[in-house]
Amino acid sequence: MKNIYVMVVCLSLLISPLFVCAGAEESHAVTSASVPSPSPTTPPGNQSRWNDKDKRKISGIFTYQILDETRKEAAIIRVNKAVKDLTIPSELDGYKIISIGQIATDGSYIYEYDIDVSVSDLLEEKLETLTIAKGIRHIGYSAFADCKKLTMVNLPENLYCIAGSAFWGCTSLKKLTIPKSSYKRAYGDGVIMMENAFAKCSAERVIFESQEFKSFANSYVRNLVLPRTDCRKFALTMDKTTIRQVSVDPYVQTVSLLCEENSSGTIEKIIINGKKTKLLKWDSGLSFGTLYTIPKAKCIDWAKKYKQTYKVKACGKMGKVTRKKQKASWKPVKTTVKTFRYNKQKKKWKTTSRKVKTYYKIYGKNRKKGDYKQIKTTTKTKYKAKYKYLKVKTVSTWE
């Protein structure tokens, strides 16, 4: 009997961690021990907390809702004055602001309840710049929707989620950075962007530091930048989105191009200057223009596989820079661009080549042990330099 009891105890110890892990994954909790758990910064889904008007306070131009008295957490639910430039603070009256507008525990909007929460009514015709303080984790449903004059948004790092339609219809948006986030989940790291978070926007430049690009449905982005960050793998979900240009840093390992079933999207131009950067996947709903890259780049394999047009830029070898006092000169270097197009009728690749201007980056320093700093970029082969040491490199990448 004693042996049976010992076996039961051992089995319970082995099985219990499995249930804990399964439960954590189902609730989309943070999976990394080094990252703070999202539960302390997640607005409670309990509707009574949002409906209880006794928990609403006014501080300056803000109305906030107390969400947890013990943890001193609150959400801004209204801006009571039309302002041109707005900063959302991380604290009001000793309460930590964790949310803008109302969201449920999982980051979604709760449609079943008609809750009197409206952040942006007075801002729609006035707001131009928005800064959200560090520490705020959630941007609620339609929080800044239809702010037609909004040109710049400064988002904090470690956002947990941007809810659906949060910036819907912000048609004047020029520059936007989706920040990196240390939240790790079984279904994808970084910021959660709910459906249509940036729908109907027309952004000049979007710098994307998180893992997955989506929620820009029915939008136009002139230049999407995938920069050098901790994130080295990106997925671009292109549903009803047009991107004029995607610029990929050489540090990026992979870029996946995706599209939902029965949907469509367009990338007119993608620039990849890294030899090791790979393009992955291809959905039939995507319309693709031209890949711009360098010789022997891995992404060329993708272009060949899917019969996509690609251009390769190559520079000749840079010669020696000669100096006569402050005057420096060098022999011109030839730069060529080869274009590869697939002829579907003949089932052959056609290659054309043309010469283009060669650009030179000039670097200088005055001390032998110092670091070179870039002085200028030029197409000329002569330069008058005040620096003792000079270095010239051709620009072989697409700028």
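Glu204 pairs in a salt bridge (charged side-chain N to carboxylate O under 4.0 Å, His left out) with only one of the listed residues (Arg244, Arg222, Lys174), which is Arg222. Here the rule is side-chain hydrogen bond (donor to acceptor under 3.5 Å, both in side chains) with Thr129, and of Thr87, Asn154, Asp85, Thr151 only Asp85 fits it.
Geometrically, Lys313 engages Trp398 in a cation-pi contact, judged by NZ or CZ lying under 6.0 Å from the ring centre and within 45° of the ring axis. No cation-pi contact links Lys365 to Tyr387, judged by a cut-off of 6.0 Å to the six-membered ring centre and 45° from its axis. In this structure, Arg228 satisfies the cation-pi test against Tyr251, with its NZ or CZ atom closer than 6.0 Å to the six-membered ring centre and inside 45 degrees of the ring normal. For the pair Lys391 and Tyr372, the distance from NZ or CZ to the six-membered ring centre is under 6.0 Å and the angle to the ring normal is within 45 degrees.
Ring planes of Phe340 and Tyr310: parallel class, angle under 30° (limits at 30 and 60°). Taking the six-membered ring where tryptophan is involved, the planes of Phe216 and Phe213 are essentially parallel, since the angle between them stays under 30° and well short of 60°. Ring orientation note: the planes of Trp282 and Phe288 are nearly perpendicular, at an angle over 60° on the 30°/60° scale. Note: Phe144 and Phe167 have parallel aromatic rings, judged against thresholds of 30 and 60 degrees for the angle between ring planes.
Atom CG of Asp371 has 12 or fewer heavy atoms from other residues, nucleotides or ligands within 6.0 Å. Annotation: Lys175, atom NZ; neighbour count of heavy atoms from other residues, nucleotides and ligands within 6.0 Å does not exceed 12. The number of heavy-atom neighbours closer than 6.0 Å to NZ of Lys393, taken from other residues, nucleotides and ligands shown, is 12 or below. In the displayed structure, Lys81 atom NZ is contacted under 6.0 Å by at most 12 heavy atoms of other residues, nucleotides or ligands.
Here the shortest heavy-atom pairing between Thr335 and Lys357 reads CB-O, 4.3 Å. In terms of heavy-atom proximity, Arg323 sits nearest to Ala385 at NH2-O, 4.0 Å. Contact between Tyr64 and Ser59 at its shortest, heavy atoms only, is CE2-CB, 3.9 Å.
Residues Tyr360 and Trp330 bring their aromatic ring centres within 6.0 Å.
If you check the side chains of Ser329 and Thr322, you find a donor sitting under 3.5 Å from an acceptor. Asn80 and Thr63 form a side-chain donor-acceptor contact under 3.5 Å, judged by distance and modelled atom types alone. Neither side chain, Tyr292 nor Gln245, offers a donor N or O lying under 3.5 Å from an acceptor on the other. Between the side chains of Thr397 and Glu399, a donor-acceptor pair is found at a separation under 3.5 Å. Between the side chains of Gln374 and Thr377, a donor-acceptor pair is found at a separation under 3.5 Å. Using modelled atom types, one finds a donor on one side chain and an acceptor on the other under 3.5 Å when comparing Thr339 with Lys311. Checking Ser165 against Asn196 by side-chain atom types alone, no donor-acceptor pair falls below 3.5 Å.
Inter-residue side-chain proximity for Ile162 and Ile192 is flagged as unmet; no heavy-atom pair is nearer than 4.5 Å. Between Leu280 and Val255, every side-chain heavy-atom pair lies at or beyond the 4.5 Å cut-off.
Separation of atoms CD (Glu209) and CG (Leu155) is listed at 10.5 Å; rounding is to 0.5 Å.
With respect to Glu91 and Lys96, no salt bridge is recorded, no charged nitrogen being found less than 4.0 Å from a carboxylate O.
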